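Just below is one structure, and these are the notes that go with it.
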Amino acid sequence: MLKKHKETILTALLGLIIFIALNAVMLQYHYELWTHPKVGFWSAFWNRFEISGFDSYTYIIVSEWRPLYTLSRHPLLALMVWPLSQLNGWLMDTYHMNFAIYVVAAVWVTASLCSWMLTYRIMRRLIMLDAWHSLLLTLFFYSFSHVMLTSFVPDHMTLTLPLLLLTLYLTGTAIRDGKVMPLWQILTLAFVAMGVTTTNIVKVFISECVMTWGRKPVTVMLSRMAGFFIPVAIIGVLYFWQQQTTQMREKERAENTVRKRAMRDTLFAQKITQSEEAVKELRSNQIIDLSIVTNTEYHIDRLPSVVENIFGEGLILHEDHVLEDANRQRPVLVRYSHWRFYVMEGIIVMLFLLGAWKARRERLMVSALLMFAFDMVLHVGLNFASADVYIMTAHWAFVIPFGTAYLMKHCEGKPRIATLLTCVVLFLTVFLWIHNTRLIVQHILT
């Protein structure tokens, strides 16, 4: 058995070592304050947590269960985290220490390892690369700054990534075998994915359409598409139930806390007033004023944002304002300190575009590209979350190694070009791992 599964075991072991190491670094971040807080959990985590634009909701909820996630964007996420909060509560009662950071680290290592193995298997079994190039491109994917960060930073992207990769892997396998996924399977996947992040159901639906297009009669396709109303309806019911119960109690709790503090602290009252005015000003600048797509700011220039944030900070950290939060003091646009970073960014984009063109008739790549296009409509077209758009990188960046994989596959009969391409990807992978890891570790440990 060991000989048969040697490749899988060694690949998984490498990923496990990487993710344990990264999460071990994260455990050092304000360790004493977060394991033995002298203040409330909100104050302990929210006031001291600053890693890019990620938030500390997961740490707070695991420490003391509260429905803090925006319900319209993450309808079931708080319920999914509830068992972790109960486990942490038992550990706190037993050992008199907050184990939230350890509980989250254990789950995040597991989820990241799933993403790692799914990425590798897509390269190996669906794109049909050899083991070496499959591993290289998996390492290439995780060298991207905000993909690497999702493997240990407590944010929902860590849970979304394996669900999207699983969608691509299962639909890709069905496409390869000339089949379609069972309807119950795709609907279950849609339900769970939508529960984590609402827009994920669009991406699962995209994969369903690409998988069945031209392979099933139109009537069958339409009936399968209609089936997506089932997970939407169930989540809709759960949404309204939470809105009338847990969300209402949380809102009353927050309002009472703010009101009591404002009565005894005039400075705090002034800050609350200023914050409310700032929110009104922000909402006046929205293209779409809905809770599910907040921060659709029209005044942020799109092209510089694509260069510096989407394909810039999302892949290669800037050396200035390292991992600062754009919602606090980081400028929305930060320039690289040297031209070489723009050259590397350009090479990465070129690899992706060439690979996408070579794989334009491959259904797996078409599905991934349509997912990417959907995100670009949100982030570029509507400027959704444009101030810190790079934190969403894990939602779409897999198209880069997939495109590069298809490019490598196309060049297999041209040894010189294939060798050059491999060397370029290897150089980029090594550089990004060193550059991004150095800046991340320095930020967390200092």
Side-chain angles (χ1 to χ4, degrees), residues 115-148 161 164-165 167-169 171-173 175-176 203 206-207 210-211 306-307 310-312 314-316 341-377 379-380 390 392-433:
S115 299
W116 169 274
M117 291 306 299
L118 284 167
T119 304
Y120 180 82
R121 287 194 169 192
I122 289 172
M123 303 291 182
R124 192 79 171 97
R125 298 184 179 183
L126 300 183
I127 304 178
M128 304 300 290
L129 289 179
D130 58 46
W132 153 243
H133 286 96
S134 298
L135 181 58
L136 173 60
L137 287 170
T138 303
L139 285 165
F140 181 48
F141 178 48
Y142 272 93
S143 71
F144 300 159
S145 60
H146 281 72
V147 175
M148 186 189 303
L161 179 57
L164 295 180
L165 290 172
T167 300
L168 289 169
Y169 180 71
T171 55
T173 300
I175 290 168
R176 181 197 63 189
K203 298 181 179 181
I206 285 170
S207 289
V210 173
M211 176 178 61
V306 169
V307 173
I310 294 178
F311 289 105
L315 309 181
I316 311 169
F341 295 105
Y342 292 105
V343 171
M344 282 185 284
E345 180 184 340
I347 293 172
I348 293 172
V349 173
M350 188 59 65
L351 290 173
F352 159 55
L353 293 177
L354 289 173
W357 175 254
K358 294 298 182 183
R360 64 190 182 277
R361 293 186 177 87
E362 299 287 342
R363 290 187 181 229
L364 173 64
M365 191 63 190
V366 169
S367 183
L369 285 172
L370 289 174
M371 291 182 179
F372 168 73
F374 173 71
D375 278 340
M376 292 304 103
V377 169
H379 299 311
V380 180
Y390 35 80
M392 312 287 185
T393 301
H395 284 182
W396 57 266
F398 44 77
V399 295
I400 298 175
F402 290 172
T404 307
Y406 277 111
L407 185 60
M408 286 182 169
K409 189 70 179 175
H410 179 78
C411 294
E412 282 182 345
K414 305 170 184 177
R416 292 184 180 179
I417 297 177
T419 301
L420 176 61
L421 182 57
T422 301
C423 290
V424 169
V425 174
L426 178 60
F427 170 79
L428 289 170
T429 302
V430 172
F431 177 86
L432 291 179
W433 268 103

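Every value quoted in this text rests on a predicted model; they were computed, and no experiment measured them.
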Of all heavy-atom pairs linking Ala394 and Val147, the shortest is CA-CG2, 4.3 Å
Contacts satisfying side chain to side chain donor-acceptor pair (under 3.5 Å) that involve residues 127-139 (not counting sequence neighbours) are Asp130-His133, His133-Thr422
Sorted by chain and residue number, the ring-ring contact (aromatic ring centres under 6.0 Å, His included) partners of Phe141 (sequence neighbours excluded) come out as none
Between the CG atom in Leu168 and the OG1 atom in Thr119, the distance rounded to the nearest 0.5 Å is 9.5 Å
Taking every heavy atom of Phe341 against every heavy atom of Phe431, the minimum-distance pair comes out as CE2-CZ, 3.8 Å
Item checked: Side-chain touch Glu345/Val307, heavy atoms, less than 4.5 angstrom -> yes
Separation between CG (Leu421) and CD (Glu412), nearest 0.5 Å, reads 11.0 Å
Rounding to 0.5 Å, atoms CG (Leu126) and OG1 (Thr173) come to a distance of 4.5 Å
By side-chain contact (heavy atoms from CB on, under 4.5 Å), Leu420 pairs with (sequence neighbours left out) Val424
Item to complete: Side-chain contact test, heavy atoms from C-beta onward, threshold under 4.5 Å: evaluate it for Trp116 versus Leu139 and give yes or no.
Response: yes
Residues 370-377, side-chain donor-acceptor partners within the protein, below 3.5 Å, at least two apart:
| residue | atom | partner | partner atom | Å |
| --- | --- | --- | --- | --- |
| Asp375 | OD1 | Lys203 | NZ | 3.1 |
| Asp375 | OD2 | Lys203 | NZ | 2.6 |

* Take Phe144 and Tyr390 through the test side-chain contact (heavy atoms from CB on, under 4.5 Å) and record every step on the way to the result. => CA-CA 11 Å; Phe144 300 159; Tyr390 35 80; over 6 Å; no
Contacts of Tyr120 meeting ring-ring contact (aromatic ring centres under 6.0 Å, His included) (sequence neighbours excluded), chain-then-number -> none
Output for pair (Arg125 CZ, Leu118 CG), nearest 0.5 Å, gives 10.0 Å
Tell me which donor-acceptor pairs under 3.5 Å the side chains of residues 349-359 have, and how far apart each pair is, sequence neighbours excluded?
| residue | atom | partner | partner atom | Å |
| --- | --- | --- | --- | --- |
| Lys358 | NZ | His410 | NE2 | 3.4 |

CG (Leu428) and CZ (Phe140) are apart, to the nearest 0.5 Å, by 5.5 Å
With sequence neighbours left out, the residues meeting side-chain contact (heavy atoms from CB on, under 4.5 Å) with Val430 are Leu426, Ile434
Using residues 397-409 as the side-chain source, report each donor-acceptor pair under 3.5 Å to any protein atom, sequence neighbours left out, with the distance given to one decimal.
| residue | atom | partner | partner atom | Å |
| --- | --- | --- | --- | --- |
| Thr404 | OG1 | Ile400 | O | 2.8 |
| Lys409 | NZ | Met128 | O | 2.7 |

Taken in chain and number order and not counting sequence neighbours, the residues that satisfy side chain to side chain donor-acceptor pair (under 3.5 Å) with Arg360 are none
Residues passing the side-chain contact (heavy atoms from CB on, under 4.5 Å) test with Ala418, sequence neighbours excluded, are Cys411
So OG1 of Thr171 and CD1 of Ile206: to nearest 0.5 Å the spacing works out to 11.0 Å
side-chain contact (heavy atoms from CB on, under 4.5 Å) filter on Arg363, not counting sequence neighbours, yields Ile175, Val210, Trp213, Arg215
Using the rule given for side-chain contact (heavy atoms from CB on, under 4.5 Å), can you reason through Leu137 versus Val425, listing the C-alpha separation, both sets of side-chain angles and the distance that settles it, and then say yes or no?
CA-CA 8 Å; Leu137 287 170; Val425 174; 4.0 Å; yes
Main chain of Leu364, side chain of Ser367: is a donor-acceptor contact present, judged purely on distance under 3.5 Å?
no
Sequence neighbours excluded, the answer for ring-ring contact (aromatic ring centres under 6.0 Å, His included) partners of Phe427 is none
